[in-house]
Structure formats: structure tokens, C-alpha cells
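Working notes for the structure below.
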Protein chains: 2
Amino acid sequence: MTQGEAAPRSTRSRPTMREVAALAGVAIKTVSRVFNGVPTVDPAIVARVREAADKLGYRPNLTASSLRRGDGRTATIGMLVEDAANPFSAVLTRTVENVARERGVLVLVGSLDEDPERERELARALVDRRVDGLVIVPAGRDQSYLINEQHTGTCMVFVDREAGLLDADAVVSENRQGAITAVNHLLKAGHRRIAYLGDRASIPTAAQRFDGYRHALEVAHIEYDDEIVRHVGSSEEAAIAATEQVLALSDPPTALFTSQNFVTIGAVRALRAMGLQDSVAQVGFDDFPLADILSPGISVIAQDVEQVGRTAAEMLFRRLDGDESPTRTVTVPTRLIERGSGEIPAEGPCHD
Amino acid sequence: MTQGEAAPRSTRSRPTMREVAALAGVAIKTVSRVFNGVPTVDPAIVARVREAADKLGYRPNLTASSLRRGDGRTATIGMLVEDAANPFSAVLTRTVENVARERGVLVLVGSLDEDPERERELARALVDRRVDGLVIVPAGRDQSYLINEQHTGTCMVFVDREAGLLDADAVVSENRQGAITAVNHLLKAGHRRIAYLGDRASIPTAAQRFDGYRHALEVAHIEYDDEIVRHVGSSEEAAIAATEQVLALSDPPTALFTSQNFVTIGAVRALRAMGLQDSVAQVGFDDFPLADILSPGISVIAQDVEQVGRTAAEMLFRRLDGDESPTRTVTVPTRLIERGSGEIPAEGPCHD
DNA sequence: CGACGCTGAGACAACGTTGACTGGGCGAGA
DNA sequence: TCTCGCCCAGTCAACGTTGTCTCAGCGTCG
């Protein structure tokens, strides 16, 4: 809490083309031409205009420009994620930003916190600012409120989950197959009693992963037991509690499939607190930093978040460039990373 | 890569107030009044206008509005961070977003990757879009290029590092004192040979932390030895290499002060690879997820990123509300979190 | 030497909206 | 009954820019 000096505020207002034109002794339209790189302007005049602009500290007003311009483009896209602070959303944002930057496009970011109401509000706020396109990780299950915007030319791509009640492009991870891979991996290590701990079942990705879990068990002829299935939401605390509960059962699981990031971490904490990290196997869905450095390392089904983000951004810009092909959903593969926790063998009598 | 249906694109263009007015049978100005909540409109007319707007799917154009409006506010601020994907930046972004949201303000985000050129480009891009204010984690050491914008009424707050050659508000963490605390903590555990591993010295925060390191050693009458000081940048790989190097010295350090996030994590990896995690002490600057779950847990000087972000956003909005008090720099305290790695005692002959 | 095309710059209107002003209708007070 | 003032909706211009059109000047070719 230091230093200072008289703060010079809003002394003069921002110069406009009019003022630059006056100083350079040309018409306003000529200034416009110079700043738009129109080649039919006398180099001497270009120099005079540039000089005048520099002297005044002139910067073009993109909002006015986009208003007048034919295409009405704002060179801005909107991005709605679950929470800008979480690693998945952060990496996604950055990847989209990278693609956008190549085209001089900036990204407006909003966090939804899984609140469908907020999703609508923020989507509207973005539309009101006339963003050229939207990248949305939807919180709700009904995006029909965007149907109007879609018809009036706002391009949009959904990420991680498909849009509900709206025909739109989407990029998703291979959730169901990833879950199947995870469970099969545990089965291969001899486990027959595998708990499922995941996010609320109302969340589409969670539902798909759960579906994969059930499918894999069914194929292996293992009876489904909802005693060892918990849809706990995405908090570490809830995951810790759930882990403790299932392991306190009279017939506890020998392996855990944790289908969401924070759930995985919560389970890791719980296992360590109980000293079971080396005897209960675990495979998590979604990789996380330092998963490899724990002991044992945590085996995961890793999503390729960069690929998801890049694909989504590229699809969006292709639409903006006029692609009118039918909408599609691109599925990005996941892959198993073995680090130790998923390879812990089942204890007790061997069923092989 | 599935599904599809004829994609209906840009069929009609977005409706305007003119069209709503025509449908409702009123003047365009009346529509404007309705959407701005002006109370002197007949409720029956309000209803008619709203109905017409809904039928057309009308949404006001904020860019046009802000152009015409007296204050010229766009209800958008710009945020430039080091990398939207890294946890520090992501949390910062989210905190600023939260404060902005309360005021109906959206946030444009850009990543600088420590590139001063990019900083200028993106700052310009934001100014060209007439953002109401800027929150900047500066990459360069010279922000005088913003002097014009400052004088023409663009408010700005710098975060994590103060602005160079520009008198502007800033919110920074207690870097020097935090480093002193870290080193003192290691001294208290009996260490006399403490390595410094940090980001490039050209980065202001790194320089301040390094300064704290030297100061603490000086106060403790320990001779400075640049054999065990490495300014390695912010990559894990470089940190791993540096850690290996200093520990391979004939007179290796018994403790490490790692002054940056990725450096800390790199050192953690290197120590584990060498099996030294329980014999070489370590204190890191900046907390990171799962630091507590490692064994030993990693002791850190934690920055209060939320507080930094919130403070910066609040300062910015106070300026936007007309605060013309002298600029100031707010310093947010850091705190030591003991988790084990920093409490490992010095081996060998005791000097006490 | 005159008509013509071309080059380069300016005039004007418009993008979608709102600030400032105008004007019609109506009730109240003289 | 007339006037004054108020209430409410409409007209007009302007925000900063660019698309369209116009026009002056000049070189060229028949």
C-alpha cells in the first residue's frame, strides 16, 4: 500500500478519425482508407495520416467499424466453460484462444458453475455483444433457447457435451468407451468387485461414463451392485466420504473406478488416509497434474483436452468461413495411462 | 463423427429495433425506452413491444448502444495473463470474472507467454474494442505505450508485477518477504547451505524473491555462493536438470528454496528420482494442488491468488466509478504452509 | 485537340442505437 | 371556458466508422 502521484484521469477523450483527418488535412474517408490498408492512397498522404494519428494517439474503434461494416463481425468469440479456474476449462480456453489468435479474434470467457440459468444469461450477454461465434460447455440439458441465434447467423460449437434440443456441432471425449477401458483394465488385474464413484448422474458425461461401467461389468458377467455405486457430485469432500463408505462395507470393493477429476483426487486422499493406497486399485477418468508422482502413481483414462479445444475452435471458424455442411459431433479418443494404482492385483482367492 | 441434418445457416439476419417497432406499431424510440426500462411508457405498450420482440427473437445490440451512449461503456474489460491454462492465471481470471459479473461486465482474456510484443499487440486489440478497463499481468518491463490510453480514460490495474515507466495501480504479492520467510524457515531447521532455484532473473517477481533469499542469508551471516543459485526459467525440465546439478556438487546443498511453481515441481520430481525427497529439505514459492498429498508434503509460501484477483478487480471498478485518488500498489501477504519437506532437519554436523 | 478512361480523394448516407427536443392530448386551476 | 403544465410518444440528429457514389485532374488515343 504505497506510493502515488496525482492520477491524471479522463482528461481528454479518445481521438476519432475526424480529428485525425482534420490534423492531416484530408477527408475522414481517406483516414479510413489508410487504416484499412486500401492501396489506392497516395503514399505521401498515407504518411501524413499516420503521423497525425500517432501524434493524437489515435486507435480505430472496432465496435463502430463492425457496426457499419457489411459483415458485422466483431472479431470476438464467446466461450462458456464450467469454471475458468479448473484445469480442464483453463486448458480448453487456452487452446481455443490459440486458434482464435491466428485470426485476430479475441475470446470472451464466462464460467457457468453447472448452472443452466447462468448459461442462458451469459449466452445472452455474449449475443448482445454480437460475438461472431460461441464455444459452449453446456451446463443445462436444453439449448433450444439458442435456436434463434443459430438461425440469425451466430455460429456455435458445443464441447464436452452435446447440445440438447438443438441441432449443432459438438466435440466430445470418448466417455463411454473410456469407462469401458478403465473397467476392463481393472478386470484384467483380477478385480471382480469394482466400485463406481462419479459425478451426479444428471451430468451427461457422468451418465455416459457410468453407462460404460455398467456395460463392461455386464459383458464380464458381473452382477451390478448399487451398494458400491455413488453419484456424489464433483467435490473432493463428498468423494472422500463416499470412498470411506464403500470401503467400510462388509463386502468392500477391491478396486475403484472414479469417473471425475475431483472425485479421483478425493478417493486418492481417502485411500491414503486409510492406508489402503497400495491394496485397493484405482483408475480415474481424466488426467491431473502430479498423478505420476504419487506412490503409487494414479492410472487414468486421459482426455486429450488440447485436441478437443482445437477441434472445436477449428470447427467454429470453418462455420464462420461459410461452411454449411450438416452439423456433426466429433468424438476425440481417450487413452489409458498405467501408473501403478490401476495395476494393483485383486487380493484374496484368485478367480482365474 | 456422427449424425447430421441440413444445417440452416444465416437464413435471415438479426432483427433490429426498427423491425420490432414496426411489428408493435410504435416508434423505434419507444422500443428503446422499453428495453432501457424507462418508466414513462404505457404498460400496454410495453407489453406489445415485448411481445413483438419475443416473436422476432430480438436482442439489443450492445455495441451500437455503447457507441451512441454518452459514457461509451462496453461493459467489457480486458484481462491479460501469462497463460490462461496455468493455475495461477486461471484462478486470477476466475476471481476477476466473479467481481465483474456482479456488475454485468464480461471479461476478454488473452495469454502473453511472457512475450512483451504480444502484450502490446493484445493490449491494443483490447483498446480497439473499447474495453472499459484492463487487468494486466505484464510480460514486459515497459508499459509506457499505454500512457495514451490511460490519459484518454481507459482504467487499468497491474497484477503480480508493477507497471514499468507508467504510473498505475497495481496489486502484488509479498514476494521479497515471502522469500525471506522461506529461507528463515530452512535456517531454523539447521540448514546453512540452501540452494536457490528460480525463474529467469529478468522477471520482476523472480528478482524480488531472489533478493529476499540473499537478504535472509546475509542477515544469517551465511556467505552467498552462486554455485548453488540457478535462474532456470519456468520449465519443469530445466528445474530437474538444475536440481540434479546442484546436488551433484562436491559440497551439495542440504535444502532447496524453489521460487516458482514449475521449478518447485521439477525439483520435487528430481529429488524423488534421486531418492532424496526425505533427506533434502525444500520450500517452494506458490502453492499447488496435491502438494499436501505427496510424501513428504511440500512446504510452500502460498500466495493468496483469490485475494490478489479480487483486490485488482475491485480497484479497477472503483476507478471506473470515478475514483481519482493517487495510484497505489497494494501488497497482498503470503503465508508459510508447513507440510513436511521444509521441516527436514539438516544432516551432518550440527552447527548450533 | 477533344472525348474517354482511369486514378485518387471527397460527399453523403447508413449501421443500430440513444440524447435532446417536439408535439399532441388531457386534467387542473383561474 | 381558456390556459398552463404535465405526461407520454414521436422526430431528428448523432455516436465513429465504412459502402456507394461522385467528381476533379490527368494522361492517352484517335
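Computed over heavy atoms, backbone and side chain alike; hydrogens, waters and symmetry mates excluded. Predicted, not measured: the structure shown is a model, and the values here were computed from it. Per chain, numbering begins at 1; letters A, B, ... match sequence-line order.
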Please write out each protein N/O paired with an N/O of nucleotides 19-24 of chain C under 3.5 Å, distance rounded to 0.1 Å.
unit_1 : atom_1 : unit_2  : atom_2 : d
C:dG19 : N7     : B:Lys29 : NZ     : 2.8

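With no hydrogens or angles considered, a side-chain donor-acceptor pair links A:Glu162 and A:Thr329 at under 3.5 Å. Residues A:Asn86 and A:Ser89 have side chains that bring a donor and an acceptor to within less than 3.5 angstrom of each other. Donor-acceptor pairing under 3.5 Å is recorded for the side chains of A:Asp167 and A:Thr327. With hydrogens and angles left out, the side-chain atoms of B:Thr63 and A:Arg129 include no donor and acceptor closer than 3.5 Å.
Between A:Arg59 and B:Glu149 no salt bridge is recorded (no basic side-chain N to carboxylate O distance below 4.0 Å).
Non-hydrogen atoms lying under 4.0 Å from DNA chain C are contributed by nothing in residues 39-53 of chain B.
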Would you check, one step at a time, whether the test side-chain hydrogen bond (donor to acceptor under 3.5 Å, both in side chains) holds for B:Arg130 with B:Thr154?
CA-CA 8 Å; B:Arg130 295 298 186 268; B:Thr154 306; over 6 Å; no

Test side-chain contact (heavy atoms from CB on, under 4.5 Å) applied to A:Leu92 and A:Val137, step by step:
CA-CA 10 Å; A:Leu92 210 56; A:Val137 180; 3.8 Å; yes

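Residues B:Ala64 and B:Ala27 both approach DNA chain D. Their nearest nucleotides, taken by heavy-atom distance, put B:Ala27 toward the 5′ side.
B:Ala84 and B:Ser111 make their closest contact through N-OG, 2.9 Å (heavy atoms, listed as atom of the first residue, atom of the second, distance).
Residue A:Phe35 is out of contact with every strand shown, counting any heavy-atom pair closer than 4.0 Å. The residue B:Ser32 sits close to a base: some heavy atom pair falls under 4.0 Å.
In this structure, the CZ atom of B:Arg14 is 15 Å from the C1' atom of C:dT17, given to the nearest Å. In this structure, CZ of A:Arg18 is placed 13 Å from C1' of C:dC12, rounded to the nearest angstrom. The separation between B:Met17 atom CE and C:dT18 atom C1' is 8 Å, rounded to whole Å.
The side-chain tip of B:Arg50 does not point at the ring of B:Tyr58 from less than 6.0 angstrom away and within 45° of straight on.
Taken over five-pair windows at either terminus, the axes of the helix from C:dC1-D:dG30 to C:dA30-D:dT1 are inclined to one another by 60° (rounded to 10 degrees).
Identified under the salt bridge (Lys or Arg N to Asp or Glu O under 4.0 Å) test for residues 100-119 of chain B, with sequence neighbours left out: A:Arg94-B:Asp113, B:Glu97-B:Arg101, B:Arg103-B:Asp321, B:Asp113-B:Arg118, B:Glu114-B:Arg161.
Between A:Ile77 and A:Leu134, every side-chain heavy-atom pair lies at or beyond the 4.5 Å cut-off.
Running 5' to 3' along DNA chain D, contacts with non-hydrogen atoms of chain A at under 4.0 Å begin and end at D:dC15 to D:dT20.
Residues that satisfy the side-chain hydrogen bond (donor to acceptor under 3.5 Å, both in side chains) test with A:Asp160, not counting sequence neighbours, are absent from this structure.
A donor-acceptor contact shorter than 3.5 Å is absent between the side chain of A:Thr30 and the backbone of A:Val26.
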